[in-house]
Novice: 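First the structure, which I've put down as structure tokens, then a few questions once you've had a look.
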Amino acid sequence: MSKSGDGAADGATPLAPKLKQLIRLLGDGRFHSGTELAQSLGISRSAVWKYQQALTDAGVDLLAVSGKGYRLNQPLQLLQEGQILEHLTQDASALLRRIEIHDRIQSTNGRLLELARESGESGVVCLAEQQTAGRGRRGRKWISPFGHNVYLSILWRFQGGPTVLSGLSLAMGVAVVRALRALGVEEVGLKWPNDIYWRQRKLAGILIEVGGESGGPCHAVMGLGLNVFMPGRDAAEIDQAWVDLHRILADGAHGMRNRLTAELLNHLLPALAEFESRTLAYWLAEWRSYDCMLQRPVCVFLGEQRFSGEAAGIDDQGLLLLRQADGEIRAFASGEVSLRQS
Ligand code: ATP
Ligand code: BTN
């Protein structure tokens, strides 16, 4: 495995080094005096004071109290490659080619799609503190504020053409649930095809984008957005029920981003590596055991059309099954379909 730091990628805008150092110093969420911060950064106290605006612009909430100093509204653990690598299993390390960590980028998926056009690399992981144009399925926006959540993409190359990838999204969903369970997060489920839910609220989403010739080989970029802590003002932009790990875990989730990222890679990288050598049947039973919509009243949206009924699981090809009022069962492929609880 070779490593790299903040790659020079289009659409990536790194923070000034001193600003990043300041965020790291304040990350514990405790008060730090202006004098202490000035000394650590090798700048004047008034220069520290001037950084307040830059922090706000970066999306970091700072509290300044006279006589006490500065502290962040919420503790914040910046991503660190060393800490992620420390928690990787040998299997995952062997599959990882390198990690890119960006302070601010339009979209980690976009970055790796661009890389796929330029190089033949596979196993590249792209992470960001913030996405300025994070994307969800069907052109929707993924809310991606600075420093609190996981925005993770993996570029992977496959021998076969894009048709071998049907079912990949189900496998990726299973891998994410396994990772969360390994960290003690219970009650996580999957909403077809690959949204990760906790008690009927969306915790994470997966977006897979594929390129390559129809006959093969092809590449896929698997993108995962997972909410660790969603600040209130950003949450207001989400137009459906959502949740973050901070609200799920009794001890909160502020200090776990690097560990969590590693655990996700420990499950996602092997799942990608073994995907072509396994049949879909390998993933189906486990996916079904996590199905959080089963037997619930739902609506399926397909373009302008709307179908209501009861979710009846998935068939052996991974298609969504809907039991309609007349008892007829209808199957839907993912792509342009949207499933909602009614
Ligand atoms: P479906 O794919 O079945 O339509 P969905 O309704 O979740 O599921 P997606 O396109 O998969 O839609 O996801 C994008 C949607 O996710 C956005 O419309 C928004 O409501 C929501 N969303 C955006 N950012 C976040 C986030 N950080 N956490 C949770 N939900 C988010
Ligand atoms: C969805 O549920 O709609 C999928 C959301 C996928 C979001 C992730 S965040 C990392 C990667 N980069 C993106 O722009 N999108 C995916």
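We count ligands from 1, going down the list as the structure has it; atoms in each ligand are counted the same way.
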Novice: Can you report which non-hydrogen protein atom sits closest to atom 5 (P) of ligand 1, along with the distance?
Specialist: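 Nearest neighbour among protein heavy atoms for atom 5 (P) of ligand 1, to 0.1 Å: Gln240 NE2, 3.5 Å.
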Novice: Quick one: which of Arg201, Arg135, Lys202, Glu237 has a heavy atom closest to atom 7 (O) of ligand 1?
Specialist: Lys202
Novice: Whether Glu129 and Arg257 form a salt bridge (side-chain N of Lys/Arg under 4.0 Å from carboxylate O of Asp/Glu) is what I want to check.
Specialist: yes
Novice: Checking Ser308 against Gln324: is there a side-chain donor and acceptor pair closer than 3.5 Å?
Specialist: no
Novice: For residues Pro75 and Asp28, determine if any side-chain heavy atom of one lies less than 4.5 Å from a side-chain heavy atom of the other.
Specialist: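 No, every pair of side-chain atoms sits at 4.5 Å or beyond.
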Novice: Quick one: closest heavy-atom pair of Ile329 and Ala312, and the distance?
Specialist: CD1-CB, 4.4 Å
Novice: From the options Arg135, Arg111, Gln131, Lys141, select the one whose nearest heavy atom is closest to atom 9 (S) of ligand 2.
Specialist: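 Going through Arg135, Arg111, Gln131, Lys141 one by one, Gln131 has the nearest heavy atom to atom 9 (S) of ligand 2.
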Novice: Using heavy atoms and a threshold below 4.0 Å, how should the contact between Asp195 and ligand 1 be classified: side chain, backbone, both, or neither?
Specialist: side chain
Novice: In plain terms, say whether Glu286 and Arg178 are close enough for a salt bridge, that is, a side-chain N and a carboxylate O under 4.0 Å apart.
Specialist: yes
Novice: Can you find an N or O of Ser338 that's nearer than 3.5 Å to an N or O of ligand 1?
Specialist: yes
Novice: Can you tell me if Tyr197 and Asp195 form a side-chain donor-acceptor pair at under 3.5 Å?
Specialist: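 No, Asp195 and Tyr197 have no side-chain donor paired with an acceptor closer than 3.5 Å.
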Novice: Between the side chains of Glu186 and Arg181, is the shortest nitrogen-to-carboxylate-oxygen separation below 4.0 Å, so that they form an ion pair?
Specialist: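 A salt bridge is absent here (no side-chain N lies under 4.0 Å from a carboxylate O).
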Novice: If hydrophobic clusters are built by linking Ile, Leu, Val, Met, Phe, Trp and Tyr wherever their side-chain heavy atoms come under 4.5 Å apart, do Leu272 and Val221 end up in the same one?
Specialist: no
Novice: Going by the order shown, which atoms of ligand 2 are within less than 4.0 Å of some heavy atom of Asp195?
Specialist: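 Listed by number with element, the hits are 2 (O).
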Novice: Got an N/O contact under 3.5 Å between Arg138 and ligand 1?
Specialist: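 The answer is yes, given that Arg138 and ligand 1 share an N or O pair closer than 3.5 Å.
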Novice: Under 4.0 Å, heavy-atom basis, I'd like to know which part of Leu152 is in contact with ligand 2: side chain, backbone, both or neither.
Specialist: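 Contact part for Leu152 vs ligand 2: backbone (N, CA, C, O).
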Novice: Starting from Leu265, can I reach Val185 by hopping between I/L/V/M/F/W/Y residues whose side chains sit under 4.5 Å apart?
Specialist: yes
Novice: Go through ligand 2 atom by atom and flag the ones less than 4.0 Å from a non-hydrogen atom of Gly134.
Specialist: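 Selected atoms, number and element: 14 (O).
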Novice: Answer with yes or no whether the side chains of His254 and Gln74 bring together a donor and an acceptor at under 3.5 Å.
Specialist: yes
Novice: In terms of hydrophobic clusters joined by side-chain contacts under 4.5 Å, are Leu62 and Tyr51 together?
Specialist: yes
Novice: Checking a contact table here: which protein heavy atom is nearest atom 24 (N) of ligand 1, and how many Å away?
Specialist: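 Ranking protein heavy atoms by distance from atom 24 (N) of ligand 1, first comes Ile143 N, 3.0 Å.
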Novice: Would you call Asp316-Arg288 a salt bridge at under 4.0 Å N-O?
Specialist: yes
Novice: Can you list the atoms of ligand 1 that are under 4.0 Å from a heavy atom of Met230?
Specialist: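 Once the distances to Met230 are compared, the set is 27 (N).
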Novice: Does ligand 2 have any atom sitting under 4.0 Å from a heavy atom of Lys202?
Specialist: yes
Novice: List the closest protein heavy-atom neighbour of atom 31 (C) of ligand 1: residue, atom name, distance to the nearest 0.1 Å.
Specialist: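 I find the closest protein heavy atom is Trp142 CZ3, 3.4 Å.
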Novice: Hey, is the main chain of Ala116 close enough, under 3.5 Å, to the side chain of Arg157 for a donor-acceptor pair?
Specialist: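 Judged by distance alone, yes, a pair lies under 3.5 Å.
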Novice: Please list the nearest protein heavy atom to atom 5 (C) of ligand 2 with its residue and the distance rounded to 0.1 Å.
Specialist: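 Here the closest protein heavy atom is Trp142 CE3, 3.4 Å.
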Novice: Give the numbers and elements of all ligand 2 atoms closer than 4.0 Å to a heavy atom of Gly136.
Specialist: 1 (C), 3 (O), 4 (C), 5 (C)
Novice: For atom 27 (N) of ligand 1, grab the closest protein heavy atom and report residue, atom and distance to one decimal in Å.
Specialist: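 For atom 27 (N) of ligand 1, the nearest protein heavy atom is Asn227 OD1, 3.0 Å.
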Novice: Tell me which one of Arg140, Lys141, Gln131 gets a heavy atom nearest to atom 12 (O) of ligand 1.
Specialist: Arg140
Novice: Is there any N or O on Arg137 that sits under 3.5 Å from an N or O of ligand 1?
Specialist: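 Among all N and O atoms of Arg137, at least one is under 3.5 Å from an N or O of ligand 1.
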Novice: For Asn258 and Gln80, which I'm curious about, is there any donor-acceptor pair between the side chains at under 3.5 Å?
Specialist: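 The criterion, which ignores hydrogens and geometry beyond distance, is not satisfied for Gln80 and Asn258.
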Novice: Which residue holds the protein heavy atom closest to atom 3 (O) of ligand 2, what is that atom called, and what is the gap in Å?
Specialist: Arg137 N, 2.8 Å
Novice: So which protein heavy atom does atom 8 (C) of ligand 2 come closest to, and at what separation?
Specialist: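 The protein heavy atom lying closest is Gly225 N, 3.5 Å.
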Novice: Counting non-hydrogen protein atoms only, what is the nearest one to atom 10 (C) of ligand 2? Give residue, atom name and distance.
Specialist: Thr108 OG1, 3.2 Å
Novice: Suppose we measure from atom 6 (O) of ligand 1 to each protein heavy atom; which comes out shortest, and what is that distance?
Specialist: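 Looking at atom 6 (O) of ligand 1, the protein heavy atom closest to it is Arg340 NH2, 2.4 Å.
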Novice: Among protein heavy atoms, which sits nearest to atom 19 (C) of ligand 1, and what does the distance come to when rounded to 0.1 Å?
Specialist: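 The protein heavy atom lying closest is Asp239 OD1, 3.3 Å.
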Novice: Would you say ligand 1 has an N or O under 3.5 Å from any N or O of Ile238?
Specialist: no
Novice: Is His32 reaching over with its side chain to a backbone N or O of Leu25, donor-acceptor style, under 3.5 angstrom?
Specialist: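 Judged by distance alone, yes, a pair lies under 3.5 Å.
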Novice: Would one find an N or O of Ser107, backbone or side chain, under 3.5 Å from an N or O of ligand 2?
Specialist: yes
Novice: Ligand 1 and Leu339, any nitrogen or oxygen pair closer than 3.5 angstrom?
Specialist: yes
